[in-house]
Amino acid sequence: MSGDHTHNDSQIESGSRVNGKSILGPTLFCIKVSECREHKVQIAVIWRRRMEKLGDPIRLPVAGCEQDAHKHKDKHKDKEHRHKDHKKEKERERSKYSNSEHKDLLEKKHRDKEKVKQKDGVDRHKDKERRKEEKMRSLDGKPKKEKENGFASPPRVKSEPDNDGFYHSPKHEKLLKRERDDNDLEFTPKKIKVENDKKAKKRKLEDEEDIKPKKKRKDKKGDVADGKKKGKKEPEEKWKWWEEERYTDGSKWRFLEHKGPVFAPPYEPLPNKVKFYYDGKHFKLSEKAEEVATFFAKMLDHEYTTKDIFRKNFFKDWRKEMTSEEKGKITDLNKCDFNELNDYFKVQSEARKQMSKEQKQRLKEENERLLQEYGFCVMDNHKERIANFRIEPPGLFRGRGDHPKMGMLKRRIRPEDIIINCSKDSKHPKPPPGTKWKEVRHDNKVTWLVSWTENIQGSIKYIMLNPSSRIKGEKDWQKYETARRLKKSVSQIRAQYREDWKSKEMRIRQRSVALYFIDKLALRAGNEKEEGETADTVGCCSLRVEHIKLYPEKDGQEFVVEFDFLGKDSIRYYNKVPVEKRVFKNLQLFMENKQPEDDLFDRLNTSILNKHLQELMDGLTAKVFRTYNASITLQQQLKELTSPEENIPAKILSYNRANRAVAILCNHQRAPPKTFEKSMQNLQTKIDAKKHQLLDAKRELKSAKADAKVRRDEKSKKMVESKKKAVQRIEEQLMKLEVQATDREENKQIALGTSKLNYLDPRISVAWCKKWNVPIEKIYNKTQREKFAWAIDMAEEDYEF
DNA sequence: ACACCCACTTAGTAGCAGGGAA
DNA sequence: TTCCCTGCTACTAAGTGGGTGT
């Protein structure tokens, strides 16, 4: 099949982020594996190797690992027709490494031409809502049918964990129920559309085993009575939205009621004794100017405040808030002394820490009250948690990387800036006394409750629901279903792009090479960005010539491409990958007659690419490859790494390693924890102490043995036994500590959370837990379990991604 | 073919709470 | 009891990708 990539070479090394936040570090570890056909295998090899050396910090020195600090230079100039005048020097130390290749069984599956976008696509079934509702009301839960991703018809009324009628709007209840019976669809031309039957059936067949909810009936009965009330009694009984149908007409809800956002607390002027000095002299600032000054003062210890751009932007915006008198006087930021302000805030935060138990308790309760009041909404008859119900407070913008706007003033959001979205027939949130909302709208085609426009980039910010909500969960589930569909057609797609490497058309060659990178290396799509508005970062389609280097031969491998660029969040991507000759030749071609700052793929952008992908498979976009490759890698790795005889902690270690393989693939980095060195040192101290202890114990054992030899009595024999046990115990403890150290070291710069939360089909993890009897709590914490409730409920141990 | 807008997902980190070690 | 550490959560920036209008 086509996916045969020949070999890979991956590495991980340390590096630093461009904004200087993270530490420059020495090479942490390198991995190199050659001659692997698939990256899954490759990673498995890596880990196996590591496991053999357990206890050995994973530092596999490898030829070809770059240890040198990398200088990252981005020059941005004339790109095609637009130009840029931008130069950047970056120095990063975080690094990167890895790559992937995959090959899957193929099972060619061609999807119907129709779009699956059930949102807008098929819309032939409509419903008569009312009728249905009535009907539903009178019916009981019935068998459901599977829908595209297994959504089935549901119980009709739901129950929720708690809620004493919070926001209960009985009068709407009937209107809110969602359909549960497919049969209705045929007759209901009104609102809820459902994907067309054929498709549904088909998919049903395909996916049935995997997705079918297993315990659907269980709570139906109860639910029927009245969803909202029951929570109290059976807090465990959560609403299983995944057993219900989805809207397929593009609407996101029928009913939405909430209390609006919580605004940032108003500014509290500083006490008089806290003084700001300009040019050595006390200067009393106006309230507005003072507020902005405090934003800066609070950050004094932060590196941001040493950066020129930050200071310049801050000062410019600060001056806008000044009175004309202040403006006249305060003309040089360097003459400003914010130290007293800074000290004041430090004292405050210290005081906060020192608060008595009762005070803390009170604070906590107050927070809880706010949460209860504003932290939930009612969406379609269910109380759902809101993710971010607080409006972002004013402050100084902290862009990541070399952000041209860092330090600018993020202004305070007022009710007049806020757009509220809710149902017409809901109780609308009230603006604070004496104020008005900018607008109240009733758009059920979107999921947000509140929005406003932010002043730094002019983008829109939203208040939306928590990941545990139905609306987010459905989407998440759907995402993994799309990735699974890709699994079925990936081999064909790979064959296709390999074929396209030979195309006569430049644009097709570029497209196919880019796709190869996206697939093999899990690169992001790489939308274009507006220059000067954001940090200079790139993804696949926006790579520039300066971001790659070609080596016909390097470190004993042929056709090596070296990537070195800043990706999302200005995280450096550094990797050296052997590629196929054709790819290599194509790259040479793409680079011909270009300047370093020119686009590598000048005939390609994400929308062209995605349009093409869309033709290959419904719903396919560049990011699906990341999801697919991440999940398939996890599954593969778990198979490779888990050994049945291991105990639970060892299994968890295996899981973490599988997870880590994915994190490496996706380049999920983190700054080494601030306390990393120290805590590592502590651990090392413990290890050393343990080693000494072990030596002592061994010595004692030896002398006990000698003693026993001489004395030959029971007592001394027993002594020998007990010394033996002691040695054993200490050895185990030592081993444990060393494993811990290894694990921690391996994780120093790798963030597992992002992949766990966004890329790994949770059903894989759930199935793995079930299969090996690992409690799910060991893998997912409470929040994560809430987010993945659907997967936990439906995946059985034989689940296959 | 674009530029722009909008909605929504993905991302790393600051700061804190809470649990265990000293 | 205090201290220390770690994991979690909240926060918000920075991506992706669809749609629209020209």
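In what follows, every chain begins at residue 1, and chains take the letters A, B, ... in the order their sequences are listed.
Nucleic acid contact for Lys623(A): sugar-phosphate only, since backbone atoms but no base atoms lie under 4.0 Å from a heavy atom of the residue. Residue contacts shown for Ala622(A) are limited to sugar-phosphate atoms, with no base heavy atom under 4.0 Å away. In this structure, Pro467(A) reaches neither bases nor backbone, as no heavy-atom distance under 4.0 Å exists between it and the strands shown. Thr447(A) comes within 4.0 angstrom of sugar-phosphate atoms only, judged by non-hydrogen atoms across all strands, and of no base. In this structure, Gly539(A) reaches neither bases nor backbone, as no heavy-atom distance under 4.0 Å exists between it and the strands shown. Contact annotation for Tyr462(A): base contact, defined as any heavy-atom pair under 4.0 Å involving a base atom. Looking at heavy-atom distances under 4.0 Å, Arg507(A) makes no contact with the nucleic acid at all. Among the atoms of the strands shown, none is found under 4.0 Å from any heavy atom of Lys405(A).
Within the structure, a side-chain polar atom (N or O) of Lys410(A) is placed less than 4.0 Å from OP1 or OP2 of dA13(C). Side-chain nitrogen and oxygen atoms of Asn758(A) include none within less than 4.0 Å of the OP1 or OP2 phosphate oxygen of dT9(B). Remark: Thr537(A) is in phosphate contact with dG15(C), judged by side-chain N or O atoms under 4.0 Å from OP1 or OP2. Between Arg385(A) and dA10(C), a side-chain N or O to OP1/OP2 separation shorter than 4.0 Å is present. One finds no side-chain N or O of His668(A) lying less than 4.0 angstrom from the OP1 or OP2 phosphate oxygen of dT10(B). Contact annotation: Thr606(A) does not reach the phosphate of dT16(C) (side-chain N/O to OP1 or OP2, under 4.0 Å). Within the 4.0 Å cut-off from OP1 or OP2 of dA17(B), not a single side-chain nitrogen or oxygen of Lys360(A) is found. In this model, the phosphate group of dA14(C) is approached by a side-chain N or O of Gln457(A) to a distance below 4.0 Å at OP1 or OP2. Between Lys445(A) and dC6(B) there is no side-chain N or O to OP1 or OP2 distance below 4.0 Å. The side chain of Ser607(A) contributes no N or O atom lying less than 4.0 Å from OP1 or OP2 of dG17(C).
Salt-bridge annotation for Arg411(A) and Asp417(A): present, with a side-chain N of the basic residue lying under 4.0 Å from a carboxylate O of the acidic one. With respect to Arg369(A) and Glu373(A), a salt bridge is recorded, a charged nitrogen being found less than 4.0 Å from a carboxylate O.
Residue Trp448(A) contributes atom CH2, which lies 13 Å from atom C1' of dC5(B) at whole-angstrom precision. Protein atom CD of Glu786(A) is 10 Å distant from nucleotide atom P of dA10(C), rounded to whole Å. Computed from coordinates, the Leu752(A) CG to dT13(B) P distance equals 14 Å when rounded to whole Å. When rounded to the nearest whole Å, the span between NZ of Lys756(A) and P of dT9(B) equals 21 Å. If you take NZ of Lys529(A) and P of dA3(B), they are 17 Å apart, rounded to a whole angstrom. Counting to the nearest Å, the P atom of dT9(B) and the CZ atom of Phe625(A) are 21 Å from each other. A straight line from CZ of Arg524(A) to C1' of dA11(B) spans 8 Å, rounded to a whole angstrom. The CD1 atom of Ile386(A) sits 18 Å away from the P atom of dT9(C) (whole-angstrom rounding).
Sequence order on DNA chain C of the closest nucleotides to Arg390(A) and Gly526(A) puts Arg390(A) first from the 5' end. Along DNA chain C, the nucleotide closest to Glu454(A) and the one closest to Cys540(A) are compared, and the more 5′ of them pairs with Glu454(A). Sequence order on DNA chain B of the closest nucleotides to Lys364(A) and Arg626(A) puts Arg626(A) first from the 5' end.
Counting only heavy atoms from C-beta on, Gln614(A) has its side chain closest to dG18(C) among dC8(B), dG17(C), dG18(C). Distances from the side chain of Arg398(A) to the nucleotides dC8(B), dT16(C), dA14(B) place dA14(B) closest. The side chain of Lys479(A) approaches dT10(B) more closely than any other nucleotide in the set dG15(C), dT16(C), dT10(B). The side chain of Met464(A) has dC8(B) as its nearest neighbour among dT10(B), dA13(C), dC8(B). Side chain of Asn781(A), nearest nucleotide from dT10(B), dT9(C), dC6(B): dT9(C). Comparing dA11(B), dA7(B), dG18(C) against the side chain of Asn610(A) picks out dG18(C) as the nearest. Distance from the side chain of Asn527(A) is smallest to dG17(C) among dG12(B), dA13(C), dG17(C). The side chain of Ala671(A) sits closest to dT13(B) out of dA14(B), dT13(B), dA13(C). Considering only side-chain atoms of Lys461(A), the nucleotide from dT12(C), dC8(B), dG17(C) that sits closest is dT12(C). Nearest to the side chain of Asp569(A), among dG15(C), dG12(B), dC8(B), sits dG12(B).
Checked by atom type and distance alone, the side chain of Asn610(A) pairs as donor or acceptor with a backbone atom of Ala622(A) at under 3.5 Å.
Heavy-atom neighbours of His442(A) NE2 from other residues, nucleotides or ligands within 6.0 Å: above the threshold of 12.
When each of Asp598(A), Asp602(A), Asp536(A) is checked for a side chain to side chain donor-acceptor pair (under 3.5 Å) with Arg544(A), only Asp536(A) meets the rule.
Relative orientation of the Trp790(A) and Trp477(A) rings is parallel, given thresholds of 30° and 60° on the angle between their planes. Using the six-membered ring where Trp is involved, Tyr304(A) and His302(A) have ring planes that are parallel, under 30° apart on the 30 and 60° scheme.
Ring centers of His258(A) and Phe376(A): at least 6.0 Å apart, outside the cut-off.
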